[in-house]
Amino acid sequence: MEHLNLRLQIFIGFGSLMFMALIIGMAGYYGLHQSQANLNHYQKLVTDSLMSADLDANVMNSRLKTFDYLNSNDTSLLPGIDQQFKKTQALIKTAQATTNDANRRSTIGNIDQVFETYIAIVLELIQLNQDRDQIIAETLNPSGQAMRTKITQIFDSASFNQSLNTLYLAGKTQESLLLGRLFVTKYLITNDQADYESAFIELTEQLTFEFTDLGFEIQDPSEKSLFQEFKIEYETFLQAFKNLNALLLQRQTLIQNQLNQLGPEIESLTQRIKRSVLDEQASLGTDIQNAGQALSFMILTIALGCIGLGVILSVFMMRSIRKPIGGEPKVIEGIVSAIAGGCLQAHDEDLSKSTGIYASVLSMKNTLRQLILNIRQTSEELIMQSTQAAHVAIENNKAIGLQKDLTHEVEDAVHHMMVNIQDVVGTTASSAEEALAEESANAQHHAAVGHQAIDDTQAAITNMAVQIEQSVASIKQLEVSSGKIES
């Protein structure tokens, strides 16, 4: 990645971290999605569980109300039974419409069919009870009351006629009739066939024997008429009792062979639904637990893998990014700030171990320091040479001054010589005087030219000395500045 620029390297690094975060996020989302699906399924199972419990309770309540009615034959319980049946039917329809499991839906359908049959049998039993009550109220009780009344009238007539045999036989018949009716009443309470047999034997054998003897003994026409009416009521009572027994046998058959079979069947079906829901809940709970553990392991593995990959990638990217930089940016900033402030002594490190910008900055610092050292050394040499040149210029200036003094002395000597010559040859001829005057003028001219040349030379040397002193001052100032930079 060394050929990539820094921006692209940083982009790749952060992009890789974002990609790994995306992987972890997707794994977490998958886990949450699975957990939500399992939770929704479990919630539906909870709904089915409540539904099955409610259904079982209502079926049980329907059976209990039916049992109470069949035992007590209390017609005031019928509205409650009808209301409970309708509530249970509505609950069955709702459960069948809301459950999602095909097997449970089929089981609920079977419950619906069986419960409809159960209701039909209960309605038939209610009708049989109503027929029973009708027979008792319209036939059995009036006929029994009429028989007792007729025997009582015969008893009173025989007592009035002082017919002791008739009175005795009427008493025996009355006794047998009352005992037979007592057995009938017991049978109506217990609905036991043994009680029916006892009542039937008492009515058909014992009572028949008694009132047959009574019929032979009666001589009074009014008593004979009462006896015939008694026999008619007896036949009516006995036939009603037989019909009542047939109804009760049919009722008992329906209860034992159908109602008592359908009730446990409905209970078994509702329990099957409850067990199905509980088994699925247990299985789902195990699946959720295993899925949660597997999901946790998967997310943990992915997270640890991403962390490990992130660490490796971070180290690799750090080296890849740090290599062209060569060091910490703050350290490089400190070096640059120190260089800008004139300090070149800080952060002396081995360049062979440095790379990138850091090595370049250190190299620049060392180069600047060496350059300043070279400038300082050159300045010192220039100062030394300038100092020597200044000394030479001063010596030259002194020599020129001395030469100038010698020149003045020569001029004075020439002037004195001319005066002496004039004094010696004052008497010389005019031609010789003119020649001598011309030679003296030339000598003065040459002396003046020499004097001017000496003055110009002295001025040039003085100017050069001033410039040398200025150069020395500049070099000293440069040396001070270089010292400050180096420090």
Compute the ring centroids of F200 and F183, then answer whether they are less than 6.0 Å apart. no
Are the side chain of S176 and the backbone of T173 linked by a donor-acceptor contact shorter than 3.5 Å? no
So, do L188 and L248 sit near enough that their side-chain heavy atoms are less than 4.5 Å apart? yes
If we count only N and O atoms by modelled type, under 3.5 Å, do the side chains of E116 and Q89 hold a donor and an acceptor together? yes
Decide yes or no for L70 and R251: does some side-chain heavy atom of the first lie under 4.5 Å from some side-chain heavy atom of the second? yes
Which atom of T204 lies closest to which atom of Y234, heavy atoms considered: CA-OH, 3.5 Å
Interatomic distance, S198 atom OG to Q193 atom CD [nearest 0.5 angstrom]: 10.5 Å
Taking C-beta and beyond as the side chain, do L125 and I121 meet within less than 4.5 Å on heavy atoms? yes
Step-by-step side chain to side chain contact (heavy atoms under 4.5 Å, CB included) determination, R132 to N73: CA-CA 10 Å; R132 166 186 174 275; N73 198 27; 2.8 Å; yes
Going by atom types alone, do Q239 and E235 pair a side-chain donor with an acceptor below 3.5 Å? no
Between I266, L269, I92, which is the residue that forms a side chain to side chain contact (heavy atoms under 4.5 Å, CB included) with L55? I92
I need the I201 CD1 to T208 OG1 distance, nearest 0.5 Å. 12.0 Å
Check whether the side chains of T88 and S62 place a donor and an acceptor atom closer than 3.5 Å, and report yes or no. yes
Could you check whether any side-chain heavy atom of F237 comes within less than 4.5 Å of a side-chain heavy atom of L203, counting everything from C-beta outward? yes
N58 side chain to D54 main-chain N or O, any donor-acceptor pair under 3.5 Å? yes
Give the intermediate values and the outcome of side-chain hydrogen bond (donor to acceptor under 3.5 Å, both in side chains) for residues E202 and Q206. CA-CA 5 Å; E202 186 67 31; Q206 189 67 30; 5.5 Å; no
Show the nearest heavy-atom pair for residues P264 and L259, with the distance to one decimal. CD-O, 4.4 Å
Taking atom CZ of R148 and atom CD1 of I151, what is their separation to the nearest 0.5 Å? 11.0 Å
Got S276 and T107 here, is their nearest side-chain heavy-atom distance under 4.5 Å? no
Assess whether side chain to side chain contact (heavy atoms under 4.5 Å, CB included) is satisfied between F227 and E223, documenting all intermediate values. CA-CA 6 Å; F227 181 74; E223 292 178 359; over 6 Å; no
Keeping T185 on the side-chain end and R181 on the backbone end, is there a donor-acceptor pair under 3.5 Å? yes
If I take atom CG from residue L254 and atom CG from residue N260, how far apart are they, to the nearest 0.5 angstrom? 10.5 Å
Take atom CD in Q83; do more than 12 heavy atoms of anything else shown fall under 6.0 Å from it? no
Testing the basics here: between T139 and A240, what is the closest heavy-atom pair and its distance to 0.1 Å? CG2-CB, 3.2 Å
I need the F216 CZ to T166 OG1 distance, nearest 0.5 Å. 13.5 Å
Looking at K224, I'd like to know if its NZ atom is crowded, meaning that more than 12 non-hydrogen atoms belonging to other residues, nucleotides or ligands lie closer than 6.0 Å. yes
Beyond-backbone contact of I273 with T99, side-chain heavy atoms, under 4.5 angstrom: no
Beyond-backbone contact of L177 with L207, side-chain heavy atoms, under 4.5 angstrom: yes
How many angstroms lie between atom CG of L164 and atom CG of L169, to the nearest 0.5 angstrom? 11.0 Å
Taking all non-hydrogen atoms of both residues into account, name the closest pair between A95 and M51 and its distance. CB-SD, 3.1 Å
Check the pair M60 / T270 against side chain to side chain contact (heavy atoms under 4.5 Å, CB included), numbers first and verdict last. CA-CA 10 Å; M60 182 64 68; T270 56; over 6 Å; no
With a 3.5 Å cut-off and no angle check, do the side chains of Q145 and N141 form a donor-acceptor pair? no
N/O donor-acceptor pair under 3.5 Å between Q84 side chain and N61 backbone: no
Just wondering, do E175 and E210 contact through their side chains at under 4.5 Å, heavy atoms? no
With distance as the sole criterion, is a donor-acceptor pair present between the side chains of N129 and D133 under 3.5 Å? no
Tell me which pairs pass ring-ring contact (aromatic ring centres under 6.0 Å, His included) where either residue lies in residues 46-89, with sequence neighbours left out. F85-F115
Check the pair Q271, E267 against side-chain hydrogen bond (donor to acceptor under 3.5 Å, both in side chains), reporting the backbone distance first and the verdict last. CA-CA 6 Å; Q271 290 298 323; E267 182 67 21; 3.1 Å; yes
Looking at every non-hydrogen atom in both residues, tell me the closest pair between A199 and F241 and how far apart they are. CB-CZ, 3.7 Å
Which atoms form the tightest heavy-atom contact between Q261 and Q256, and what is the distance? NE2-O, 3.6 Å
